[in-house]
Amino acid sequence: MSEQYDVIVIGAGIIGACVGLELARQGRKVLNIDKLSGAGFGSTSGSCAIIRLHYSTPDGVAMAREGYYYWLDWARYLGFQDPTGMVKYINTGCLVMKTEKNHFLKNVMAALDELHVCYEELTPEEIRQRFPMVDTRQYGPPTLPSDERFGHPTGDQVKGALYIPESGLISDPKQSVHNVQAAAEHIGVTFRFNAEVADILKKDGRCAGVALRNGTQIQAPVVINVAGPHSYQINEMAGVLDGMNIKTRPLKQEVCHVPAPEGVDYNTMGTIISDSDIGCYSRPEIGNHVLIGSEDPECDTLEYVDDPDGYNRNFTDQWATQVMREAQRLKDLPIPGAGRSQGLVDLYDASDDWIPIYDKSDLPGFYMAVGTSGNQYKNAPVVGVLMAELVKACESGHDHDRDPVRFTMHYTRRECNIGFYSRLREINPDSSFSVIG
Ligand SMILES: Cc1cc2nc3c(=O)[nH]c(=O)nc-3n(C[C@H](O)[C@H](O)[C@H](O)COP(=O)(O)OP(=O)(O)OC[C@H]3O[C@@H](n4cnc5c(N)ncnc54)[C@H](O)[C@@H]3O)c2cc1C
């Protein structure tokens, strides 16, 4: 006799694990299945794990604000102590540069105000006082190193910045998934690794389970696609792509780790910097290093990959470009020579408007939490609650496409309209169309 579950969650990354945990809390028999050998071994392991509150839309800020409290209250949220060690939230603060690209943060400040998030507006002089290692000259809009303008200031000063003190990072993203796995197993969730889903089973016009690459079939009336950069493959198996207005694609990213400027204790004095003037974000990294990621400026060619299992995992010229861009902002940042590149290469599951899809599909019983676009690690615990609410409502007969499901978020007491994340939405024009979301 084949196995039977109430819900199968495809993927055991941070979002898949949180979705499994919340569905089990509703009393469902849950299987989290992953083709890799452990939880969080997919794109979550490459995450920069930045917990920040600035997003381009009020819904984006609201979700991040809610998620922030889950990380602060991590052990109580999980209700279980992982014997292999619990991760920690490390507060660093976040400096966000005002640029034309982000409309000098007008909408962001309005959204932060609405959510009662504290911030300070800093002039260039105040930025220099607070962060002496920061060069406040304007360099943007970002260009490529081949452009003669590269590395030369385009103005005396940036327009200023916001400093948001409640921002930071999680000490170890992969271990954070292990924490969720341990809590989920404690209440009965089954995790199965080294098991690749090769097909979605269907019966009587609805989803009926999954078939594995080795031929095993597992039955469940509800299947949730949380496959990260592989999400489009699972949606293809389910045959639901035609019923989606917003699509997802794997996008290659390079993250650089370089030593901090000499004499600067960056783990103590550094902060997260979100900087569309130079097209980079950065944060302190262990070992007195600076971690640098891209904010995907318009001059860069985005590298979408056809095969998330077979792409070039080596650093390219993009690595040096990002470090040189950051060296415009951080005085005396060392630029390691050829062969000394450190960091990582991984994939985003990017959606057309860089806002995720948390939704049902046209196949009854088949759901998705996909298109997380490099910016949803911080929201994973909230997404768990959201997907559990969505499944509960839809499986009770609610027509979510016509009348979107809403729920009250636990900490902020704000209403979350799940319709914001619909697969049927038009492209959201308020998005930054970058990792900022
Ligand atoms: C370089 C980088 C930096 C980032 N930085 C940040 C940040 O600072 N802050 C932030 O909030 N977010 C950040 N993100 C985004 C965040 O990490 C992701 O949104 C989040 O980790 C996605 O989690 P997930 O569970 O959806 O996907 P994943 O962790 O990718 O998990 C999906 C799982 O599905 C499994 N799978 C796929 N196909 C199959 C199949 N056919 N059968 C079985 N299993 C399958 C995979 O093996 C994988 O383990 C970053 C992402 C990257 C790549």
Side-chain angles (χ1 to χ4, degrees), residues 8-20 31-53 55 60 63-64 67-68 71 94 167-170 173-174 176-177 180-181 191-200 210-214 218 223-238 248 250-256 272 274 281-283 291-295 308-309 343-351 354 356-358 368-384 387 435-437:
I8 296 171
V9 180
I10 305 172
I14 189 64
I15 297 184
C18 289
V19 168
L31 172 68
N32 267 82
I33 199 161
D34 203 296
K35 65 180 184 173
L36 297 178
S37 55
F41 283 27
S43 73
T44 300
S45 66
S47 183
C48 301
I50 291 174
I51 310 295
R52 47 122 180 144
L53 301 175
Y55 273 78
M63 185 81 130
Y68 169 76
W71 293 108
C94 180
S167 306
L169 53 106
I170 297 300
K174 195 197 269 182
S176 69
V177 190
V180 184
Q181 178 192 349
F191 280 76
R192 183 165 312 167
F193 298 112
N194 300 310
E196 182 178 350
V197 172
D199 205 2
I200 304 299
V210 301
L212 303 185
R213 176 75 55 211
N214 68 7
I218 310 172
V223 173
I224 309 181
N225 175 4
V226 200
H230 296 78
S231 69
Y232 75 99
Q233 295 177 341
I234 304 289
N235 280 340
E236 213 163 37
M237 292 172 199
T248 61
L251 174 65
K252 181 180 168 182
Q253 291 290 317
E254 299 184 29
V255 175
C256 326
I272 296 165
S274 171
Y281 66 87
S282 61
R283 69 157 174 78
L291 174 155
I292 306 158
S294 177
E295 286 198 358
D309 294 313
L344 58 89
V345 177
D346 217 316
L347 296 173
Y348 291 166
D349 183 31
S351 79
W354 295 76
I357 305 170
Y358 300 138
M368 64 186 87
V370 303
T372 58
S373 306
N375 61 54
Q376 294 290 304
Y377 172 83
K378 62 184 76 56
N379 293 339
V382 195
V383 179
M387 292 304 294
V435 69
I436 299 303

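Counting begins at 1 with the first residue of the sequence. First listed ligand is number 1; within each ligand, the first listed atom is number 1. Everything numeric in this text was worked out from a predicted model, so none of it was measured.
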Looking only at protein heavy atoms, identify the closest one to [atom] and say how far it is in Å.
| atom | answer |
| --- | --- |
| atom 7 (C) of ligand 1 | Ile50 N, 3.4 Å |
| atom 11 (O) of ligand 1 | Lys378 NZ, 2.6 Å |
| atom 44 (N) of ligand 1 | Lys35 N, 3.1 Å |
| atom 27 (O) of ligand 1 | Gly228 CA, 3.6 Å |
| atom 25 (O) of ligand 1 | Ile15 N, 3.1 Å |
| atom 14 (N) of ligand 1 | Gly374 O, 3.2 Å |
| atom 41 (N) of ligand 1 | Val197 O, 3.1 Å |
| atom 33 (C) of ligand 1 | Asp34 OD2, 3.3 Å |

[X], any N or O under 3.5 Å of ligand 1 N or O:
| X | result |
| --- | --- |
| Ser47 | yes |
| Asp346 | no |
| Gly46 | no |
| Ile10 | no |
| Leu347 | no |
| Cys48 | yes |
| Thr372 | yes |

Taking only heavy atoms of [X], which atoms of ligand 1 are found under 4.0 Å from at least one of them?
| X | answer |
| --- | --- |
| Val226 | 26 (O), 32 (C), 34 (O) |
| Gly16 | 25 (O) |
| Val255 | 1 (C) |
| Ala227 | 32 (C), 34 (O), 37 (C), 38 (N) |
| Pro229 | 30 (O) |
| Leu36 | 47 (O) |
| Gly13 | 25 (O), 29 (O), 31 (O) |
| Glu196 | 41 (N), 42 (N) |

Would you say the side chains of [X] and [Y] form a donor-acceptor pair under 3.5 Å?
| X | Y | value |
| --- | --- | --- |
| Tyr377 | Ser176 | yes |
| Ser231 | Asp349 | yes |
| Gln376 | Tyr348 | no |

For [X] and [Y], indicate whether the former's side chain and the latter's backbone hold a donor-acceptor pair under 3.5 Å.
| X | Y | result |
| --- | --- | --- |
| Thr248 | Val370 | no |
| Asp34 | Ala12 | yes |
| Ser47 | Ala49 | yes |

Going by the closest heavy atom to [atom], which one wins out of [options]?
| atom | options | value |
| --- | --- | --- |
| atom 23 (O) of ligand 1 | Ile33, Val210, Thr44 | Thr44 |
| atom 16 (C) of ligand 1 | Tyr348, Tyr281, Tyr377 | Tyr377 |
| atom 30 (O) of ligand 1 | Ser43, Gly293, Gly42, Gly343 | Ser43 |

From [atom1] ([X]) to [atom2] ([Y]), nearest 0.5 Å:
| X | Y | atom1 | atom2 | answer |
| --- | --- | --- | --- | --- |
| Tyr55 | Met63 | OH | CE | 9.0 Å |
| Asn194 | Leu212 | CG | CG | 11.5 Å |
| Gln233 | Asn225 | CD | CG | 10.0 Å |
| Thr372 | Trp354 | OG1 | CH2 | 10.5 Å |

[X], portion touching ligand 1 at heavy-atom distance under 4.0 Å:
| X | answer |
| --- | --- |
| Ala49 | backbone |
| His230 | side chain |
| Ile234 | side chain |

Next item on the list: For side-chain contact (heavy atoms from CB on, under 4.5 Å), just list the numbers for Leu291 and Val255, CA-CA rounded to whole Å, side-chain angles, deciding distance to a tenth of an Å, and then say yes or no.
Entry: CA-CA 7 Å; Leu291 174 155; Val255 175; 3.7 Å; yes
Notebook entry, point to check: Passes side-chain contact (heavy atoms from CB on, under 4.5 Å), Ile218 versus Ile33? Steps please.
Noted result: CA-CA 11 Å; Ile218 310 172; Ile33 199 161; 3.9 Å; yes
Check: Is it the case that Lys378 places NZ or CZ above or below the six-membered ring of Tyr68, under 6.0 angstrom from the centre and within 45 degrees of the axis?
Finding: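 Cation-pi check for Lys378 and Tyr68: fails.
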Notebook entry, point to check: Taking Ile14 as the fixed residue, which of Val177, Val19, Val226 is the one that meets the side-chain contact (heavy atoms from CB on, under 4.5 Å) rule?
Noted result: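 Between Ile14 and the candidates, side-chain contact (heavy atoms from CB on, under 4.5 Å) is satisfied uniquely by Val177.
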Please state whether [X] comes within less than 4.0 angstrom of ligand 1, counting heavy atoms only.
| X | answer |
| --- | --- |
| Asp349 | no |
| Phe41 | no |
| Ala195 | yes |

Check: Please walk me through it: do Ile10 and Val223 pass side-chain contact (heavy atoms from CB on, under 4.5 Å)?
Finding: CA-CA 7 Å; Ile10 305 172; Val223 173; 3.6 Å; yes
Next item on the list: Decide yes or no on side-chain contact (heavy atoms from CB on, under 4.5 Å) for Ile234 and Ile200, but give the supporting numbers first.
Entry: CA-CA 8 Å; Ile234 304 289; Ile200 304 299; 4.1 Å; yes
Notebook entry, point to check: Less than 4.0 Å between a side-chain N and a carboxylate O, is that true for Asp309 and Lys35?
Noted result: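 Yes, this pair counts.
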Check: Under the criterion side-chain hydrogen bond (donor to acceptor under 3.5 Å, both in side chains), which of Arg52, Glu295, Arg283 is the partner of Ser274?
Finding: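 Considering Arg52, Glu295, Arg283, a side-chain hydrogen bond (donor to acceptor under 3.5 Å, both in side chains) with Ser274 is found only for Glu295.
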